[in-house]
Amino acid sequence: MALFVLISAGSVWAQNTTDSLKQANPIIKADTVKKGEVESVVKKKKVRTPKDPNTAVFRSAVVPGLGQIYNKRYWKLPLVYGGFVALGYGISFNQKYYTEFLNEYIYKTDDDPNTGNPDYANVSEAQIIAAKDFYKRNRDLCIIGSVALYAAQVIDAYVDAELSNFDVSDDLSLKIGPSLNHSFAYRGMSTYSVGLSLKFTLKR
């Protein structure tokens with residue numbers, strides 16, 4: 001009799017254990033799926049590494065364009081170097097003709113008929129001065145443009161590095177929708193106006 005009771009108790013315990021395992025398996029599987037989904041989302045989400053603005057400024061100041069490389073904004077390099085090449089060519093071109101007309105002006109005012117370029121023999125002194133000033137002005141503008149471009153790429157590297165510290169991920173959303181504004185006018189009369197509302201949402 002005692003043996004029968006022990007066998008019956010063992011059977012009940014085994015059945016309960018089997019049922020508990022069957023109930024636990026879906027939970028384990030569900031947790032496994034959830035964990036896999038979370039890991040998949042984390043892997044797909046691109047997170048930009050914050051950059052140090054001081055490092056970006058220093059590199060751009062030493063070598064133009066190096067700050068953009070540090071910020072991984074490679075598409076800006078053709079703009080930076082293309083601008084410097086164009087402005088450098090402008091400086092060289094205008095300097096060449098400024099020097100040429102400056103020398104021609106000196107030749108025309110030295111009272112020596114044997115000096116000067118024969119191509120400008122019929123050009124008046126006033127025209128020579130105007131051409132000289134024209135190329136000098138263009139040369140100076142190109143120099144100013146080069147300095148401005150240098151400063152702009154330094155500032156761009158700094159701003160870009162600063163913006164890398166802000167959250168610009170998909171967790172931020174902007175919703176634009178209509179809004180009805182209620183206000184009170186003269187003598188308590190109600191007035192309504194229609195407008196747009198902007199709502200920023202940070203998902204968690």
Side-chain angles (χ1 to χ4, degrees), residues 43-176 195-196 198-200 202:
K43 287 180 180 178
K44 289 181 180 179
K45 185 177 179 181
K46 295 180 179 178
V47 180
R48 187 181 176 191
T49 305
K51 304 296 182 180
D52 182 18
N54 295 328
T55 302
V57 168
F58 176 76
R59 295 189 179 189
S60 290
V62 174
V63 179
L66 197 59
Q68 283 69 28
I69 296 176
Y70 171 72
N71 292 328
K72 295 184 178 180
R73 298 302 193 200
Y74 304 110
W75 62 271
K76 295 182 180 180
L77 293 178
L79 301 178
V80 175
Y81 288 108
F84 278 118
V85 169
L87 290 169
Y89 175 79
I91 293 172
S92 176
F93 177 84
N94 288 285
Q95 177 64 28
K96 172 186 174 182
Y97 285 98
Y98 166 71
T99 303
E100 183 175 329
F101 282 103
L102 176 62
N103 292 333
E104 187 61 27
Y105 172 74
I106 295 174
Y107 295 149
K108 282 186 175 295
T109 57
D110 64 359
D111 297 330
D112 186 356
N114 297 322
T115 58
N117 191 335
D119 295 335
Y120 302 127
N122 298 324
V123 179
S124 66
E125 184 178 321
Q127 291 174 324
I128 294 295
I129 293 174
K132 173 181 67 68
D133 293 341
F134 171 79
Y135 287 109
K136 180 178 182 295
R137 181 174 62 253
N138 289 346
R139 181 205 62 185
D140 294 344
L141 289 176
C142 289
I143 293 174
I144 293 173
S146 299
V147 175
L149 179 59
Y150 175 83
Q153 61 92 26
V154 172
I155 294 172
D156 173 77
Y158 175 81
V159 173
D160 208 5
E162 279 285 355
L163 291 178
S164 69
N165 296 316
F166 290 92
D167 186 2
V168 291
S169 63
D170 295 335
D171 292 338
L172 294 175
S173 62
L174 171 64
K175 293 183 179 180
I176 303 176
L196 292 176
L198 305 177
K199 295 181 179 179
F200 289 94
L202 176 61

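Because the structure is predicted, anything quoted here is derived from the model rather than measured.
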[X] side chain near [Y] side chain, heavy-atom distance below 4.5 Å:
X: Leu66; Y: Ser60; result: no
X: Tyr98; Y: Phe134; result: no
X: Glu104; Y: Lys108; result: yes
X: Tyr158; Y: Val154; result: no

Is the backbone N or O of [Y] less than 3.5 Å from a side-chain atom of [X], with the two atoms forming a donor-acceptor pair by type?
X: Asp160; Y: Asp156; answer: no
X: Lys51; Y: Lys72; answer: no
X: Asn103; Y: Thr99; answer: yes
X: Asn138; Y: Asn94; answer: no
X: Gln153; Y: Gly65; answer: yes
X: Tyr89; Y: Phe84; answer: no

Determine the minimum heavy-atom distance between [X] and [Y], stating which atoms define it.
X: Ala161; Y: Ala56; result: CB-CB, 3.9 Å
X: Ala61; Y: Tyr150; result: O-OH, 2.6 Å
X: Asp52; Y: Tyr70; result: N-OH, 3.1 Å
X: Ser146; Y: Ile91; result: OG-CD1, 3.7 Å

Indicate whether the side chain of Gln68 and that of Arg73 have a donor and an acceptor atom separated by less than 3.5 Å.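 No - no donor-acceptor pair under 3.5 Å links their side chains.
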From [X] atom [atom1] to [Y] atom [atom2], the distance as rounded to the nearest 0.5 Å:
X: Asn54; Y: Arg59; atom1: CG; atom2: CZ; answer: 12.0 Å
X: Glu162; Y: Asn71; atom1: CD; atom2: CG; answer: 10.5 Å
X: Leu87; Y: Ile144; atom1: CG; atom2: CD1; answer: 11.5 Å
X: Glu100; Y: Gln95; atom1: CD; atom2: CD; answer: 12.0 Å

Can the ring centres of Phe101 and Tyr105 be said to be less than 6.0 Å apart?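 No; Tyr105 has its ring centre 6.0 Å or more from that of Phe101.
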Taking the basic N atoms (NZ, or NE/NH1/NH2) and the acidic carboxylate oxygens, is any pair closer than 4.0 Å for Lys136 and Asp140?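 Between Asp140 and Lys136 there is a salt bridge, with a charged N closer than 4.0 Å to a carboxylate O.
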